[in-house]
Undergrad: 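I have a structure I would like to understand better, so I am pasting it below and will then ask my questions one at a time.
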Amino acid sequence: MTDTLTIRRPDDWHVHLRDGAMLEAVAPFTARQFARAIIMPNLSPPVTSAASAAAYRERIMAALPDDSGFTPLMTCYLTDDADADDIATGHAAGIFTAAKLYPANATTNSAHGVTDVAHIMPVLERMQDIGMPLLVHGEVTDGSIDIFDREAVFIERILEKLIETLPDLKVVFEHITTEQAVRFVDGAGPNVAATITPHHLHINRNAMFTGGIRPHAYCLPVAKRELHRLALRKAATSGSAKYFLGTDSAPHEIHAKLSACGCAGIFNAPYALESYAAVFDEEGALDRLEGFASVHGPQFYGLPLNEDRVTLEGGSFTVPESLNTGGSTLVPFHADSELAWHIVQA
Ligand code: DOR
Ligand code: ZN
């Protein structure tokens with residue numbers, strides 16, 4: 001008998017959909033699987049106002065068929081000059097679901113990010129008051145800190161203090177990559193949660209150097225040692241409501257990946273749910289996939305659960321080497337490898 005698994009339609013609580021031709025190329029992959037997604041605001045220029053978020057939301061909807069059923073949830077890119085009133089008004093109007101903290105220069109298009117959290121304290125206090133979640137890229141940018149330690153040092157230097165100062169602020173520690181992050185999230189109150197990507201559940205840092213340099217395995221925060229991957233697998237499949245699905249799918253054109261200074265980002269949107277299902281299956285936790293993918297996220301954000309369902313079926317298929325779509329060549333996560341589950345009813 002074929003194995004099947006039917007779950008509530010999942011949401012993606014962290015995705016980069018880009019803009020222009022790339023948006024048109026990648027948005028359908030996300031909308032195929034997910035009902036809603038938290039849309040990252042690191043465009044160039046970044047999405048820093050409610051007006052620009054509303055306009056971006058329109059462009060996302062225009063890139064999808066009318067009957068896609070997909071809802072983009074918009075975020076505000078915080079800068080040192082972030083305007084608490086505009087953010088609170090945008091949140092009240094249903095334009096902004098959350099705001100994103102990029103430490104300045106931590107990653108792609110983060111040059112306008114926050115240079116010191118002290119600069120945005122009034123905004124964060126306001127967000128705490130109105131119950132608006134803060135989404136955190138948790139890495140220090142201090143070049144003297146080893147790149148593999150930047151998340152752990154961010155916890156010590158910034159996150160612990162932030163949570164102490166604003167104990168009721170809703171915080172999503174995005175794309176966690178370390179056992180230190182798991183320990184921090186487990187030890188914090190119910191207002192602190194984390195997203196976990198499929199790639200950090202599948203690969204450790206060796207994947208970047210297998211037989212040569214592997215740019216398609218490079219993302220930020222960078223994959224860490226095996227012990228960290230195992231800690232993430234344990235957290236994701238634990239059933240804890242603090243952990244939920246966030247792909248951090250971050251497409252870059254193939255030439256931008258295969259370069260002397262290649263961009264950070266793994267494009268996992270095409271087979272994201274299948275990728276997570278493989279992990280939960282390997283961990284003997286398929287019964288917990290629905291919580292992670294479809295329940296914990298909406299509960300944290302205070303949004304209703306999706307009512308329709310997606311069915312996965314056991315039976316392997318090979319992920320294509322590359323996808324030529326909308327004039328872009330993109331290499332998906334798991335390119336040319338097998339995945340053990342596929343979606344039969346999207
Ligand atoms: O690998 C990444 N790519 N990490 C990020 O934080 C940003 C993202 C992107 O936008 O390309
Ligand atoms: Zn991201």
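Position 1 is the first residue of the sequence, and the numbers go up from there. Just follow the structure's listing: the first ligand is 1, and inside any ligand the first atom is 1.
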Undergrad: May I ask you to check whether over 12 heavy atoms, not counting those of Glu338, lie within 6.0 Å of atom CD?
TA: yes
Undergrad: Do Leu312 and Leu289 come within less than 4.5 Å of each other through their side chains, counting heavy atoms only?
TA: yes
Undergrad: For ligand 1, which atoms sit closer than 4.0 Å to a heavy atom of Cys219?
TA: 1 (O)
Undergrad: Please find out if the Zn ion (ligand 2) and some N, O or S atom of His137 are separated by less than 2.8 Å.
TA: no
Undergrad: Are the side chains of Ile196 and Phe244 in touch, meaning some heavy atoms are under 4.5 Å apart?
TA: no
Undergrad: Working note: Glu156 + Arg150, criterion salt bridge (charged side-chain N to carboxylate O under 4.0 Å, His left out); need CA distance, chi angles, decisive distance, verdict.
TA: CA-CA 10 Å; Glu156 286 166 19; Arg150 288 182 191 172; over 6 Å; no
Undergrad: Distance under 6.0 Å and angle within 45° of the ring axis: does Lys257 meet both against Tyr218?
TA: no
Undergrad: Between Leu166 and Met121, is any pair of side-chain heavy atoms under 4.5 Å apart?
TA: yes
Undergrad: Counting only heavy atoms closer than 4.0 Å, does ligand 1 sit against the backbone of His14, its side chain, both, or neither?
TA: neither
Undergrad: Which atom, counting only N, O or S, brings Asp248 closest to the Zn ion (ligand 2)?
TA: OD1
Undergrad: For ligand 1, which atoms sit closer than 4.0 Å to a heavy atom of Ala250?
TA: 3 (N), 8 (C), 9 (C), 11 (O)
Undergrad: Please state whether Arg18 comes within less than 4.0 angstrom of ligand 1, counting heavy atoms only.
TA: yes
Undergrad: Using a strict cut-off of 4.0 Å, indicate which atoms of ligand 1 neighbour a heavy atom of His137.
TA: 6 (O)
Undergrad: Can you tell me the protein heavy atom closest to atom 3 (N) of ligand 1 and the distance?
TA: Ala264 O, 3.0 Å
Undergrad: Indicate yes or no: does an N/O atom of His252 lie under 3.5 Å from an N/O atom of ligand 1?
TA: yes
Undergrad: Side-chain contact test, heavy atoms from C-beta onward, threshold under 4.5 Å: evaluate it for Tyr56 versus Leu17 and give yes or no.
TA: yes
Undergrad: Do any of the N/O/S atoms of His14, backbone or side chain, fall under 2.8 Å from the Zn ion (ligand 2)?
TA: yes
Undergrad: Which residue supplies the protein heavy atom nearest to atom 7 (C) of ligand 1, what is that atom called, and how far is it?
TA: Thr107 OG1, 3.2 Å
Undergrad: Check whether any side-chain heavy atom of Lys100 lies under 4.5 Å from a side-chain heavy atom of His137, and answer yes or no.
TA: yes
Undergrad: Could you tell me whether Gly265 and ligand 1 have an N or O pair separated by under 3.5 Å?
TA: yes
Undergrad: For atom 4 (N) of ligand 1, what is the closest protein heavy atom, and at what distance to 0.1 Å?
TA: Leu220 O, 2.7 Å
Undergrad: Take the angle between the ring planes of Phe317 and Tyr271 and call it parallel below 30°, perpendicular above 60°, tilted in between.
TA: tilted
Undergrad: Taking atom CZ of Arg225 as the centre, does the number of heavy atoms from other residues, nucleotides or ligands within less than 6.0 Å exceed 12?
TA: no
Undergrad: With heavy-atom distances below 4.0 Å as the criterion, list the atoms of ligand 1 near Asn42.
TA: 9 (C), 10 (O)
Undergrad: State if Met40 counts as touching ligand 1 under the rule of any non-hydrogen atom under 4.0 Å.
TA: no
